[in-house]
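Inspection log for the structure reproduced underneath, given as structure tokens.
One-based numbering, in listed order, for ligands and for the atoms of each.
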Amino acid sequence: MNCNYPQTNDLGASTEDELAEFSPPKLLHETKNKIFQFVDKHYTNNKRIVVVTSGGTAVPLENKTVRFIDNFSTGTRGSAAAEYPLLYIIRSLISYLACTRYFLQAGYAVIFLHRVKTLIPFRRHLDKNNSKGLSLLDIFQLNPSSGSVSITVDQSQIPQLAQVLKDYQSVQRRQMLLCVEFVTLCDYLHYLRAAAEAIQPLGRAAMIFLAAAVSDFYVPGYALPEHKIQSAHGPPVIHLRQVPKMLGCLAQEWAKKAFVVSFKLETDHSLLVRKAREALDKYKHQVVIANLLENRRTKLEVITSQDHCTLTLMKEELEGGKELEEKLIADLVVRHNQFANSDT
Ligand code: PMT
């Protein structure tokens, strides 16, 4: 196969235009405008902004796509993590009315870049895919005689549902959340770049939180068959190309002043911390969160060039509805504050 691929440099960033091989999504222009308007509004109001990525990217095997290769992610990490910076401000207001001004400054506006049909902030509480979620179908009840629909919520669920509604409406009213959807790796890369470039003017006040599960391999455009691969031709032989690590471009070019948090996902625990450290050394960003697929809900390693700490969720905490993302975001907000207030 003759490939004219851009060569990658030491940072994993391509030496030519990193995205040249990845065709832009149809809605790129429109979506970029929305992102820039959102950033403008919050930048003018002196708000911090975080870009949260969530869900897995898909790599099509056909141009008119029936089959694709997927990266696993339910979107739980990203959608839960996105809520906490938004709620930080609301909960702070309730507890510390006297200090409103300071806590308002600590509230983040969130650009939530997520895979279609994975969990999204607030709505995730009504999703059956979320193990603790309330199912919409269990809440709505059809009255066959009148044809009307009523909502019946289990008494025990009311406080949780009421709180979610209140938080959601407050976030909506203040336009603190912008959701951008992707399906394919190409969509993801172009939207990530747009969001990273849009938040550049914020400098150190911006954060990027990369919880999405991103493909390492793809089929280049020129090698994609136009139509569905025919089984009558026997099992296909598919040559995958390596996707350049965009973390390098992101941390060194697209958003070089932002506080960048990446994830390292492994299934073999003996590799986890070493690979997380290697990523930190190579891409020179601020934090790597290392997690194992099997216990990702209860244990995370937070690794920086200066320290390494482990965040865990006890069995009782898990059963009581607590989420590891709450501890993680509390930790990251402190680190981001220190970073934003320092010059080096
Ligand atoms: O959604 P959940 O079900 O809750 O699961 C959460 C999660 C396990 C998906 C999440 O916690 C997680 O670990 N996400 C990162 C998964 C991943 O892509 O890991 P990786 O080790 O393959 O990549 C490491 C980093 O490189 C990632 O931050 C990724 O953004 C980046 N990357 C990956 C591929 C690529 N071509 N370019 C990149 O920059």
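Pairs engaging residues 177-189 under the salt bridge (Lys or Arg N to Asp or Glu O under 4.0 Å) rule: none recorded [sequence neighbours left out]. Sequence neighbours left out, the pairs with a member in residues 210-220 that pass salt bridge (Lys or Arg N to Asp or Glu O under 4.0 Å) are D216-K245.
By the 4.5 Å side-chain criterion applied to Ile, Leu, Val, Met, Phe, Trp and Tyr, L165 is assigned to no cluster and stands alone.
A 6.0 Å sphere centred on CZ of R335 holds more than 12 heavy atoms belonging to other residues, nucleotides or ligands. Heavy atoms from other residues, nucleotides or ligands lying under 6.0 Å from NZ of K41 number more than 12.
If you look at ligand 1, the protein residues with a non-hydrogen atom under 4.0 Å away are S73, T74, G75, T76, R77, L210, A211, A212, A213, V214, S215, D216, V243, P244, K245, M246, L247, S262, F263, K264, L265, N291, R296, R297.
If you check the side chains of H125 and Q163, you find no donor sitting under 3.5 Å from an acceptor.
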